[in-house]
Protein chains: 2
Amino acid sequence: MRTVSEPRSDVSIGEAARVSGVKVPTIRYYEQIGLLPAPPRTEGNRRTYDAGDIARLTFIRHARDLGFEMDGIRTLLALQADPTQSCAAADSVARAHLAEVEQRIAALTALKAELERMIEGCRHGRLAECKVIEVLADHGKCTHDHH
Amino acid sequence: MRTVSEPRSDVSIGEAARVSGVKVPTIRYYEQIGLLPAPPRTEGNRRTYDAGDIARLTFIRHARDLGFEMDGIRTLLALQADPTQSCAAADSVARAHLAEVEQRIAALTALKAELERMIEGCRHGRLAECKVIEVLADHGKCTHDHH
DNA sequence: CTAGGACCTCTAGCGGCTAGAGGAGCAAGA
DNA sequence: TCTTGCTCCTCTAGCCGCTAGAGGTCCTAG
């Protein structure tokens with residue numbers, strides 16, 4: 001990032017947080033773990049961010065929103081920094097994440113069915129015959145697939 | 001728990017772990033946070049678990065597998081201990097969890113669509129025009145709903 | 001010139017475990 | 001009997017991705 005032609009519009013960490021949607025302490029945390037380069041400081045020791053930093057933050061935030069893990073984001077950021085490379089690597093990160101997401105959807109869908117079954121069996125009864133408790137207590141009554 | 005009529009078949013923590021599917025350190029951790037009562041010990045200071053404890057552990061494990069949070073499990077365990085109560089409370093815990101699960105499924109499904117779109121746009125191209133990076137860098141190009 | 005914000009660093013905490021150190025007990029074979 | 005090797009014990013620290021708080025500095029508006 002940090003496109004040469006782009007104007008250097010230095011902003012405070014608070015402004016960067018507002019624009020990128022990443023909270024102030026989280027920005028500092030990202031700097032600490034090396035996800036974001038340490039920005040220049042003012043005379044008064046305040047961090048100043050330019051448009052490139054903000055783009056990077058927005059990128060990170062969006063990737064996090066999409067559920068990418070830090071490691072994946074690091075890879076994506078590295079790829080982003082080197083636009084001459086083939087996108088095969090970025091693709092494979094995204095594909096791996098997609099597979100994970102699909103698996104989670106499947107698991108949650110099975111879970112939903114089981115919860116509905118539990119709740120259905122529990123209508124207006126007394127706890128003695130409550131399916132919620134029963135299903136949880138006795139694994140055999142349950143169709144849920146364990147990971 | 002610890003039904004009076006049930007035979008007291010004391011087992012070691014390792015055996016309890018094997019039977020319940022909860023790992024040994026996790027059992028100790030549950031005891032520490034008060035989710036599981038401290039069991040009696042042998043002369044040699046080893047924990048001994050009876051059938052009731054194992055049922056409780058299995059219950060916890062199953063509820064965790066279903067994605068219930070510790071607080072919900074605590075409630076369910078309390079309800080299970082008092083079977084004279086109406087199941088309304090257990091029902092509402094399960095319902096709340098179901099709503100959450102449905103929400104997560106919806107979010108993940110949207111995410112899946114977006115990932116597929118990203119990957120689709122990325123086929124065999126060079127990174128310069130890679131949609132994965134683009135979509136992540138520019139929020140405007142993205143349909144994902146932020147939580 | 002002062003009040004109140006925004007910023008700084010540093011440390012500790014969250015949930016829900018997991019890993020490791022360093023030691024004691026216990027069962028079975030030589 | 002001794003020894004090997006397994007399980008168990010306690011205790012502390014670490015994992016992720018932040019978040020919260022203390023205690024201080026800087027900057028800006030009135």
Side-chain angles (χ1 to χ4, degrees), chain A residues 10-50 53-54 56-77 97 100 104 146-147, chain B residues 10-50 53-54 56-77 97 100 104 146-147:
Chain A
D10 291 340
V11 295
S12 71
I13 195 170
E15 188 58 18
R18 231 163 291 128
V19 173
S20 70
V22 180
K23 289 185 199 159
V24 169
T26 307
I27 295 177
R28 288 197 278 247
Y29 167 72
Y30 286 164
E31 179 183 329
Q32 198 186 296
I33 63 168
L35 203 61
L36 198 66
R41 305 280 184 123
T42 66
E43 273 185 36
N45 199 32
R46 273 105 196 277
R47 292 168 176 85
T48 57
Y49 297 95
D50 64 18
D53 295 318
I54 286 166
R56 198 175 173 100
L57 273 173
T58 308
F59 184 99
I60 294 168
R61 191 206 144 192
H62 197 181
R64 292 290 301 144
D65 279 349
L66 287 174
F68 283 89
E69 293 189 3
M70 288 312 206
D71 261 15
I73 293 176
R74 260 180 230 276
T75 306
L76 290 171
L77 280 169
H97 187 52
E100 217 182 274
R104 270 198 274 171
H146 292 294
H147 25 252
Chain B
D10 291 340
V11 295
S12 72
I13 195 170
E15 187 59 18
R18 232 162 290 127
V19 173
S20 69
V22 180
K23 289 185 199 159
V24 169
T26 307
I27 295 178
R28 289 197 278 247
Y29 167 72
Y30 286 164
E31 180 182 329
Q32 198 185 296
I33 62 167
L35 203 61
L36 198 68
R41 306 278 185 124
T42 65
E43 273 184 38
N45 199 33
R46 272 104 195 277
R47 291 167 177 86
T48 56
Y49 296 95
D50 64 18
D53 295 319
I54 286 167
R56 198 175 174 102
L57 273 173
T58 307
F59 185 99
I60 294 169
R61 190 206 144 192
H62 197 180
R64 291 292 300 144
D65 279 348
L66 288 173
F68 283 89
E69 292 188 4
M70 287 314 207
D71 260 15
I73 293 176
R74 261 179 230 275
T75 306
L76 289 171
L77 279 169
H97 188 53
E100 215 182 274
R104 269 198 273 172
H146 292 294
H147 24 251

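Numbered from 1 within each chain, the chains take letters A, B, ... in sequence-line order.
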N/O-N/O pairs, protein side and nucleotides 23-30 of chain D side, under 3.5 Å:
| residue | atom | partner | partner atom | Å |
| --- | --- | --- | --- | --- |
| D/dC26 | O2 | A/R46 | NH2 | 3.2 |

**Asked** To the nearest Å, how far apart are B/M70 CE and C/dG15 C1'?
**Response** 8 Å
**Asked** Quick one: A/R47 CZ to C/dA6 C1', roughly how many Å, whole number?
**Response** 13 Å
**Message:** Please check if the number of heavy atoms outside B/E31 that lie under 6.0 Å from its CD is greater than 12.
**Reply:** yes
**Asked** Is a donor on one side and an acceptor on the other found under 3.5 Å between the side chain of B/S20 and the backbone of B/I54?
**Response** no
**Message:** If you take any heavy atom closer than 4.0 Å to DNA chain D, which residues from residues 21-35 of chain A end up in contact?
**Reply:** A/K23, A/T26, A/Y29, A/Y30
**Prompt:** Do the side chain of A/R28 and the main chain of A/Q32 share a donor and acceptor less than 3.5 angstrom apart?
**Reply:** no
**Message:** Strictly below 4.0 Å: does B/R41 bring a side-chain N or O up to OP1 or OP2 of D/dT10?
**Reply:** yes
**Request:** Would you please name every residue forming a salt bridge (charged side-chain N to carboxylate O under 4.0 Å, His left out) with A/R18, sequence neighbours left out?
**Result:** A/E15
**Asked** Mind checking whether A/L35 and A/Y29 have side chains closer than 4.5 Å, heavy atoms only?
**Response** no
**Request:** For the pair B/R61 (side chain) and B/K23 (backbone), establish whether a donor and an acceptor sit closer than 3.5 Å, ignoring hydrogens and angles.
**Result:** no
**Request:** Mind running side chain to side chain contact (heavy atoms under 4.5 Å, CB included) on B/M70 and B/R64 for me, showing each step along the way?
**Result:** CA-CA 8 Å; B/M70 287 314 207; B/R64 291 292 300 144; 3.8 Å; yes
**Prompt:** Roughly how many Å is it from CD in B/E15 to P in C/dC26, rounded to a whole number?
**Reply:** 17 Å
**Request:** Go through A/I13 and A/R46 one step at a time and tell me if the side chain to side chain contact (heavy atoms under 4.5 Å, CB included) criterion holds.
**Result:** CA-CA 8 Å; A/I13 195 170; A/R46 273 105 196 277; over 6 Å; no
**Request:** Could you state the atom-to-atom distance from CD of A/E69 to P of D/dG17 in whole Å?
**Result:** 6 Å
